[in-house]
Amino acid sequence: MDIGKPLRIYTIEPVEDPVPHREPEPRPERVPLPRPKKEPDPAQAP
Amino acid sequence: MTGAPDFCEPVVGWRLWSIGSNDGRARLASHVSPDVWQPGRELVAACGARRRDRRRPWRTHPTDHAAPTPGCTCGVHAMGAVGYLGTYLPAPDRPYAWMRPLVRQAIGRVALWGDVVEGSRGWRASRAYPAEVWVPQLDIDGHDIAGVEDIALDLADYGVPVRLCDGRTARDVVSDLSPRGTADLPARPTPRSGGRGWSSTS
């Protein structure tokens, strides 16, 4: 990338760390949704 | 560089990343260097340029300087406005051969600190970390990118906001963000002791 004509140079020492430190969370697994149980049809009930 | 720092807040610029796979998870990668940005770890720039041997010009040697240096192009690059990124986005009729395959790419804001070279359009810095990431759902031809939800999920490891842009190509995202990017143009930190001025030799 072309940042254009250089203007000045400086140093930055952030007071707060710009890097959020946390462990990567384990990737959630995709699980199939439980199938709804079929209610017995009262019309076909003996 | 030695002595007291000039500023105490990082500058925040705009950049493009390609998205690659690292240990089975989607990770941000630089377009023109082999750097992979690791979650929870700042990216430290190194100069990958080589200089010619004066006596044997067919030979080259690595440069010995720390990145960034004013007379080089090294360092982590970021632009001062998101609109500047449009130049670097491939179009179906104008692919960039020097870039990695850009089926999957991200647009984002990046925090820069350490030694910083400020230019008229952006910065080059020695240290960087993503600050915010936008992931387009469509490639440059407008086709769905496979597994884009999983990519966005992996990128959440960086601990910064990740946004999945439904129905958007990278060019659309840059266009959508442009007014915001323009507003960010004077995004300079508050000076502590004033920067050191210098003139370009080019």
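Letters go in sequence order (proteins before strands), and every chain restarts at 1.
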Student: Quick one: closest heavy-atom pair of A:P20 and B:G159, and the distance?
Tutor: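 Taking A:P20 first and B:G159 second, the nearest heavy atoms are CG-O, 3.6 Å.
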Student: Quick one: pull up CE in A:M1 and OG1 in B:T73 and give me the separation to the nearest 0.5 Å.
Tutor: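 The OG1 atom of B:T73 is 12.0 Å from CE of A:M1, to the nearest 0.5 Å.
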Student: Once you round to the nearest 0.5 Å, how far does CD of B:E42 lie from CG of A:D17?
Tutor: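 Spacing of CD (B:E42) from CG (A:D17) equals 7.0 Å.
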Student: Heavy atoms only: give me the nearest B:V117-A:P6 pair and the separation to one decimal.
Tutor: CG1-CB, 4.4 Å
Student: Hey, could you give me the OH/CH2 distance between A:Y10 and B:W113, rounded to the nearest 0.5 Å?
Tutor: 14.5 Å
Student: Select, from B:G40, B:A111, B:G13, B:G114, the one with the greatest count of heavy-atom pairs under 4.5 Å involving chain A.
Tutor: B:G114
Student: Measure the spacing between CG of A:D2 and CZ of B:R124 and express it to the nearest 0.5 Å.
Tutor: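 Going from the CG atom of A:D2 to the CZ atom of B:R124 covers 10.0 Å.
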Student: Quick one: does any side-chain atom of B:S120 pair with a main-chain N or O of A:K5 as donor and acceptor, under 3.5 Å?
Tutor: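 Yes, because the side chain of B:S120 sits within donor-acceptor range (under 3.5 Å) of the backbone of A:K5.
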Student: Among residues at least two apart in sequence or on other chains, which ones pass side-chain contact (heavy atoms from CB on, under 4.5 Å) with B:R41?
Tutor: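 Partners of B:R41 under the side-chain contact (heavy atoms from CB on, under 4.5 Å) test: B:Q38.
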Student: Side chain, backbone, both or neither: which part of B:A78 has an atom under 4.5 Å from a heavy atom of chain A?
Tutor: backbone
Student: Using 0.5 Å steps for rounding, measure from the CE atom of B:M79 to the CD1 atom of A:I3.
Tutor: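 Between B:M79 CE and A:I3 CD1, I get 8.0 Å after rounding to 0.5 Å.
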Student: For the pair B:D6 (side chain) and A:T11 (backbone), establish whether a donor and an acceptor sit closer than 3.5 Å, ignoring hydrogens and angles.
Tutor: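 Yes; judged by distance alone, with no hydrogens or angles, the pair exists.
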Student: Using a 4.5 Å cut-off on heavy atoms from C-beta on, say whether the side chain of B:P70 contacts that of A:I9.
Tutor: yes
Student: Checking B:L112 against chain A: side chain, backbone, both or neither under 4.5 Å from a heavy atom?
Tutor: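 For B:L112, the backbone is the part near chain A, not the side chain.
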